[in-house]
Participant: 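One structure follows; several queries about it will come next.
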Amino acid sequence: MLKAVEISKELNADSIRKLIAKNIDAIHVPGFYPEDLAATFADRVAGDAGLEAYKVQNALKRLGMGYVDVGKDADNAERYHSEALRSIWGIRDLIYPRLTPLDHFRLLLEEVWPAGATIQSIDGRKSFVGTCRVIDPGAKMLPHNDRLARMLTSGTSDLTGQLAVNIYLDMPPEGGELELWLSEPTPEQDKEQETRDGLDREVLGEPRLVIRPQNGDLVLFNSLLIHGVTPGVGARRVTMSCFVGYRGDDQPLTYWS
């Protein structure tokens, strides 16, 4: 018998530990960022000249290169690291002198986690954090999971847990929900993700948990588990996101995009 789904509405050390240990299934903090600021920030992100379409699907656009875009390519890795801090500052300028929702999250994470939190280093270089995504109505994305070790161009990862962080700036009137299957990919499915953009929905079946966030909400979930997004209807979906890495209760958390 499957355990009942459990969601925490508080971001603190206890809820983070439980999420990593899979004792709860998500952290959902309504109203984490003011709705009026979320709307302003979403408009500025969507109108920014630096917005770049993903190669796999043009209906998905991003501001700030995520490490997933490196694709184990040395030239892409160089671009990612060389642009990291400049991209953080550029996105921050869109809402200055207000804090971006991700900066607000980073400060809170450092305060609530006993060992603190800091930006992730990869190959001895600072990472970018705070990818903003604009998803057009009707865009379909395959379910997948995210694991830093699978994306590294060299070396191995010392992470023992990884969380995904989404802050919702502009949700469509219908669709755009977060889908959580609450299970890890099989070894075969993990290998499948190296050759295509995700997993077959028909094989996976229905997700166990579907979350419908509102503008300004914060959601954290275990990124090692399979997750997806339903197509939006009638309007765009704008989010700001990152990952959080865990190495033990006595170690600092790290974050990157």
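Throughout, residue positions are numbered sequentially from 1 according to the sequence presented.
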Participant: Does the side chain of Met171 come within less than 4.5 Å of Pro213's, by heavy atoms?
Facilitator: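 Yes; the side chains approach each other to less than 4.5 Å.
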Participant: Could you tell me the separation between the CG atom of Leu180 and the CD1 atom of Ile226, rounded to the nearest 0.5 Å?
Facilitator: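 Taking CG in Leu180 and CD1 in Ile226, the distance rounds to 11.0 Å.
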Participant: Is Arg236 paired with Asp136 through a side-chain N to carboxylate O contact shorter than 4.0 Å?
Facilitator: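 The answer is no: the pair does not qualify as a salt bridge.
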Participant: With side chains defined as the heavy atoms from C-beta onward, is the minimum distance between Tyr246 and Leu163 less than 4.5 Å?
Facilitator: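 Answer no - side chains too far apart.
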Participant: Hydrogens and angles aside, do His227 and Asn222 bring a side-chain donor and acceptor to less than 3.5 Å of each other?
Facilitator: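 Side-chain D/A pair, His227 to Asn222: absent.
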Participant: Is the terminal nitrogen or CZ of Arg17 (NZ for Lys, CZ for Arg) located under 6.0 angstrom from the six-membered ring centre of Trp113 and within 45° of that ring's axis?
Facilitator: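 Geometry flag: set, cation within 6.0 Å and 45°.
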Participant: What is the minimum heavy-atom distance between Ile27 and Ser15, and which atoms define it?
Facilitator: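 Closest approach of Ile27 to Ser15, heavy atoms only: CD1-OG, 3.5 Å.
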Participant: State the CG-CG distance between Asp36 and Asn215, to the nearest 0.5 angstrom.
Facilitator: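 One gets 11.0 Å once the value is rounded to the nearest 0.5 Å.
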Participant: Which value, rounded to the nearest 0.5 Å, describes the distance between Arg237 atom CZ and Arg133 atom CZ?
Facilitator: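 If we round to the nearest 0.5 Å, Arg237:CZ and Arg133:CZ are 9.0 Å apart.
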Participant: What is the distance from atom CG of Asp103 to atom OH of Tyr96, rounded to the nearest 0.5 Å?
Facilitator: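 Taking CG in Asp103 and OH in Tyr96, the distance rounds to 12.0 Å.
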Participant: Is any side-chain heavy atom of Asn145 less than 4.5 Å from a side-chain heavy atom of Leu225?
Facilitator: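 No, their side chains stay 4.5 Å or more apart.
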Participant: With side chains defined as the heavy atoms from C-beta onward, is the minimum distance between Val233 and Pro172 less than 4.5 Å?
Facilitator: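 Side chain of Val233 against side chain of Pro172, heavy atoms only: no contact under 4.5 Å found.
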Participant: Kindly indicate, with the supporting measurements, whether the criterion side-chain contact (heavy atoms from CB on, under 4.5 Å) is fulfilled by Asp217 and Ile167.
Facilitator: CA-CA 6 Å; Asp217 287 6; Ile167 302 167; over 6 Å; no
Participant: Does the side chain of Tyr168 reach to within under 4.5 Å of the side chain of Phe32, using non-hydrogen atoms?
Facilitator: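 Tyr168 vs Phe32: side chains apart.
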Participant: Please indicate whether Lys9 has more than 12 foreign heavy atoms, meaning atoms of other residues, nucleotides or ligands, lying under 6.0 Å from its NZ.
Facilitator: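 Counting other residues, nucleotides and ligands, NZ of Lys9 stays at 12 neighbours or fewer.
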Participant: Between Phe243 and Trp256, what is the ring plane arrangement, given parallel below 30°, perpendicular above 60°, and tilted in between?
Facilitator: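 Ring orientation of Phe243 relative to Trp256: tilted.
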Participant: Are side-chain heavy atoms of Leu220 and Asn166 found at a separation under 4.5 Å?
Facilitator: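 Result no, sub-4.5 Å side-chain heavy-atom pair not found.
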Participant: What are the two closest non-hydrogen atoms of Leu63 and Asp48, and how far apart are they?
Facilitator: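 Between these two residues, the closest heavy atoms are CD1-OD1, 3.5 Å.
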Participant: From Leu199 CG over to Asp190 CG, what is the distance, rounded to the nearest 0.5 angstrom?
Facilitator: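 Nearest 0.5 Å value for the CG-CG distance: 9.0 Å.
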Participant: How far does CZ of Phe221 sit from CG of Asp146, to the nearest 0.5 angstrom?
Facilitator: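 Here the interatomic distance stands at 7.0 Å.
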Participant: Considering all heavy atoms of both residues, which atom of Leu209 and which atom of Ala26 are nearest to each other, and what is their separation?
Facilitator: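 Result for this residue pair: CD2-CB, 4.5 Å.
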Participant: Which atoms form the tightest heavy-atom contact between Ile24 and Ser8, and what is the distance?
Facilitator: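 Result for this residue pair: CD1-CB, 3.8 Å.
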Participant: Are Glu78 and Arg125 close enough for a salt bridge, meaning some N to O gap below 4.0 Å?
Facilitator: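 Looking at Glu78 and Arg125, the cut-off is met.
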Participant: Tell me, do Glu179 and Thr230 make a side-chain contact under 4.5 Å, heavy atoms counted?
Facilitator: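 Answer yes - side chains close enough.
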Participant: Test Glu184 against every option in Lys22, Arg147, Gln189 by the side-chain hydrogen bond (donor to acceptor under 3.5 Å, both in side chains) rule and name the one that passes.
Facilitator: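 Only one option passes, and that is Lys22.
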Participant: In this structure, are over 12 heavy atoms from other groups packed under 6.0 Å from Glu174 atom CD?
Facilitator: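 No, not enclosed.
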Participant: Will you find, in the side chains of Gln120 and Ser127, an N or O donor that is under 3.5 Å from an N or O acceptor?
Facilitator: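 No.
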Participant: Go through the side-chain N and O atoms of Gln162 and Ser223 and say whether any donor and acceptor fall under 3.5 Å apart.
Facilitator: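 Yes.
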Participant: Aromatic contact between His81 and Phe128, with the criterion being ring centroids under 6.0 Å apart: yes or no?
Facilitator: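 No.
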Participant: Do the charged groups of Glu52 and Arg79 touch, with an N to O distance under 4.0 Å?
Facilitator: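 Yes.
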Participant: Go through the side-chain N and O atoms of Thr40 and Arg98 and say whether any donor and acceptor fall under 3.5 Å apart.
Facilitator: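 Thr40 vs Arg98: no donor-acceptor pair found between side chains.
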Participant: Evaluate salt bridge (charged side-chain N to carboxylate O under 4.0 Å, His left out) for Arg208 paired with Asp25, printing each intermediate quantity in order.
Facilitator: CA-CA 10 Å; Arg208 285 196 58 210; Asp25 301 303; 5.5 Å; no
Participant: Assess whether side chain to side chain donor-acceptor pair (under 3.5 Å) is satisfied between Thr254 and Arg247, documenting all intermediate values.
Facilitator: CA-CA 9 Å; Thr254 56; Arg247 295 167 177 80; 3.0 Å; yes
Participant: Nearest heavy-atom pair of Leu99 and Leu107: which atoms, and what distance?
Facilitator: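 Looks like CD1-CD1, 3.9 Å.
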Participant: If you compare all heavy atoms of Pro207 against all heavy atoms of Trp181, which two are closest, and at what distance to 0.1 Å?
Facilitator: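 Answer, listing the atom of Pro207 first, then Trp181: N-NE1, 3.5 Å.
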Participant: For the residue pair Val134 and Thr239, establish whether any side-chain heavy-atom pair is separated by less than 4.5 Å.
Facilitator: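 Counting from C-beta outward, Val134 and Thr239 never come under 4.5 Å.
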